[in-house]
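A short write-up of the structure that comes next.
Naming convention: chains lettered A, B, ... in sequence-line order (proteins, then strands); numbering from 1 in each chain.
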Amino acid sequence: MPDFKTSPGTRDILAPDSSRWRAFQNIFATNVEAAGYSYIIPPMFEDLDVFLRLGEATEVVTKEMYDFHDKGGRHIALRPEQTASVCRAFVEHRPTTPWKVWYSGPNFRYEKPQQGRYRQFDQVGIEALGVDDAFLDAEVIALASSFYAALGLKQVELSINTLGDSGDRENYSQLLAAYFSKHETKLTAESKATLTRNPLRVLDSKREPDQEVIAGAPRIRESISKSASEHFSAVLRALDALNVSYKINDRLVRGLDYYRRTTFEFVSTSLEAAHTAIGGGGRYDGLVEALGGPATAGIGFALGLDRTLLACDAEGVFAAPSTDVDVFVVDTVDGTHAHELCHQLRANGIRADRAYDLRSIKAQMKSADRSGARFALIVGSDEVSNSTVMLREMVLGKQNSVLRKDVLSELSILLKK
RNA sequence: GUGGGCGUAGCUCAGUUGGUUAGAGCGCCAGGUUGUGGUCCUGGAGGCCGGGGGUUCGAGACCCCUCGUCCACCCCA
């Protein structure tokens, strides 16, 4: 056993998974940049207070923060998500609105790891600030939806709900608290605990014994303001116009406290494990204000890389792209020829690798095979003496002699086929 | 944070009721093939059996602790 291993909940992403990650991020970037979202790279840590604005009833804030005091005495936290950072950046730079940004990168939560849940986990996401328009809600949701489609995912369901405005949410929360307290004896112990912390989240319980009480609970849409209700209808109409299918789920409240109005979640029906939620988001009108900025509307989503890739595995889509080189150079003379040929090929955009330590031709050919290169260039003493190289097409097992000076042009032609 | 399963070679795993120098397959290296990979054959390297303590004449096997990992709960992406 090695002396050192990765910390719990962290891991090394090696090839071919690493190239899959990068492709994932590239596809995401292409999709959202095509919709006017620009790239933001916020810091991975901030003043703890930035994240405290996410809400005191949120476990992400109260129990799972990676926080520490730095050498300057600042109370710092590794970001548990990126929405708060984006809002802080908005307040700090005051860009013109609408401000549409996307991000990609790791977040940190001190949780007990299990499948699809890590202490360092990656998300991609977008945030759009300064716009109240229901068309934006629908645009954001549609972008997530078409991104899943771009990966090849089919078994993804969209749930959507509205939480009303902040006053509505408060009222509803109290209404629920009253209702659940009345029926407390019928609730599971876990739900009772949740009730004292955040009555809304009791609705999220998937425990069987709770279902009857939940079914009878008051519905939020009965107690939201007219404007919030109209906003929700407009979002749904805008989704219909794009043929984005959804399920209204009036029990969907989501984890973070800052959500207002539109809230949504993407669930993979191909996953068996507990973690089927592969992405989610919503409006967070008021969060910018909480961070000291002007009253500003905001909406966004975050998608978990790991979970989305698990869903891809389950559906057998989005394989890791190949990173194989085009050419592998075998040099049994002294290594100099491989050295120079690789350099020349690479300089001309041909992906090339070689063997080292002047191993036997057999060993070098084995490396060539493993490299996945389509062609091998073989240089032995015969080739050196008549200024040629042997060009071998690996899968065909055919080879022919090529003048050393023609190698580049010859390969360029062959690789285009 | 709570509960349960599992830690033996780089990987996947065998290892009888405790009994000598701990095994297989795959992978890796070398040779068979003095200029050729993928198939085949032969050989080789590689293990403080997660760590610590205990029981025993004797522990990879049993007990305790600890760490890691997986699963469920909680929570969430």
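- Rounded to the nearest Å, the gap between the P atom of B/G15 and that of B/A9 is 15 Å.
- If you take CG of A/D306 and P of B/C70, they are 12 Å apart, rounded to a whole angstrom.
- Screening A/R79, A/R74, A/R53, A/R88 for a salt bridge (Lys or Arg N to Asp or Glu O under 4.0 Å) involving A/E46 leaves a single residue, A/R88.
- Between the CZ atom of A/F264 and the P atom of B/A77 there is a distance of 11 Å, given to the nearest Å.
- Among A/D165, A/N161, A/D285, the single residue meeting the side chain to side chain donor-acceptor pair (under 3.5 Å) criterion with A/R261 is A/D165.
- In terms of heavy atoms, A/V329 sits closest to A/Q364 at O-OE1, 4.3 Å.
- What separates NZ of A/K5 from P of B/G7 is a distance of 13 Å, to the nearest Å.
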*Please lay out, stage by stage, how A/T83 and A/E127 fare under the test side-chain hydrogen bond (donor to acceptor under 3.5 Å, both in side chains).*
CA-CA 7 Å; A/T83 304; A/E127 311 291 349; 2.9 Å; yes
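- The closest donor-acceptor contact from the side chain of A/R307 to the backbone of A/A277 lies under 3.5 Å.
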*Given Watson-Crick or G-U pairs with both distances under 3.5 Å, what dot-bracket string fits RNA chain B, with | for other-strand pairs and [ ] for crossing?*
(((((((..((((.....[...)))).(((((.......))))).....(((((..]....))))))))))))....
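- Judged by distance alone, the side chains of A/T10 and A/Q120 never bring a donor and an acceptor atom under 3.5 Å apart.
- When all heavy atoms are compared, the tightest approach of A/A138 to A/V235 is CB-O, 4.1 Å.
- Taking only distance into account, the side chain of A/E111 meets the base of B/A77 through a donor-acceptor pair shorter than 3.5 Å.
- Between the P atoms of B/G10 and B/C48, the separation comes to 8 Å (whole Å).
- The closest side-chain donor-acceptor pair between A/T262 and A/D137 falls under 3.5 angstrom.
- When each of A/G279 and A/T6 is assigned the nucleotide of RNA chain B bearing its nearest heavy atom, the one mapping closer to the 5' terminus is A/T6.
- The main-chain N or O of A/A35 is found under 3.5 Å from a side-chain atom of A/K100 such that the two form a donor-acceptor pair.
- Side-chain rings of A/Y259 and A/F264 stay apart, their centers remaining 6.0 Å or farther from each other.
- Separation of the P atoms belonging to B/G53 and B/G31 is 45 Å when rounded to the nearest angstrom.
- Within 4.0 Å of A/P113, counting heavy atoms only, lies no atom of the nucleic acid at all.
- One can place CG of A/N107 at 10 Å from P of B/A77, the figure rounded to the nearest angstrom.
- Residues passing the side chain to side chain donor-acceptor pair (under 3.5 Å) test with A/E383, sequence neighbours excluded: none.
- You'll find a donor-acceptor pair under 3.5 Å spanning the side chain of A/R117 and the base of B/C75, going by distance alone.
- Taking atom NZ of A/K112 as the reference point, atom C1' of B/A77 lies 20 Å away to the nearest angstrom.
- B/A30 sits 14 Å from B/G46 when the C1' atoms are compared, rounded to a whole Å.
- B/A72 atom P lies 11 Å from atom CG of A/L271, rounded to whole Å.
- Only the P atoms considered, B/G35 is 48 Å distant from B/G51, to the nearest whole Å.
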_Sequence-aligned protein contact record of nucleotides 29-42 of chain B, with B where the base is within under 4.0 Å of a protein heavy atom and S where only the sugar-phosphate is_ = SS-B--BBBB----
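- The gap from the C1' atom of B/C40 to that of B/U17 amounts to 43 Å, rounded to the nearest Å.
- In this structure, A/L252 atom CG and B/A77 atom C1' are separated by 14 Å, rounded to whole Å.
- B/A22 and B/C13 have their C1' atoms separated by 14 Å, with the value rounded to a whole Å.
- Which of B/C71, B/C75, B/G68 sits closest to the side chain of A/Q114 comes down to B/C71.
- Taking the C1' atom of each, B/C73 and B/U12 are spaced 30 Å apart, rounded to whole Å.
- To the nearest angstrom, C1' of B/U69 lies 15 Å from CG of A/D12.
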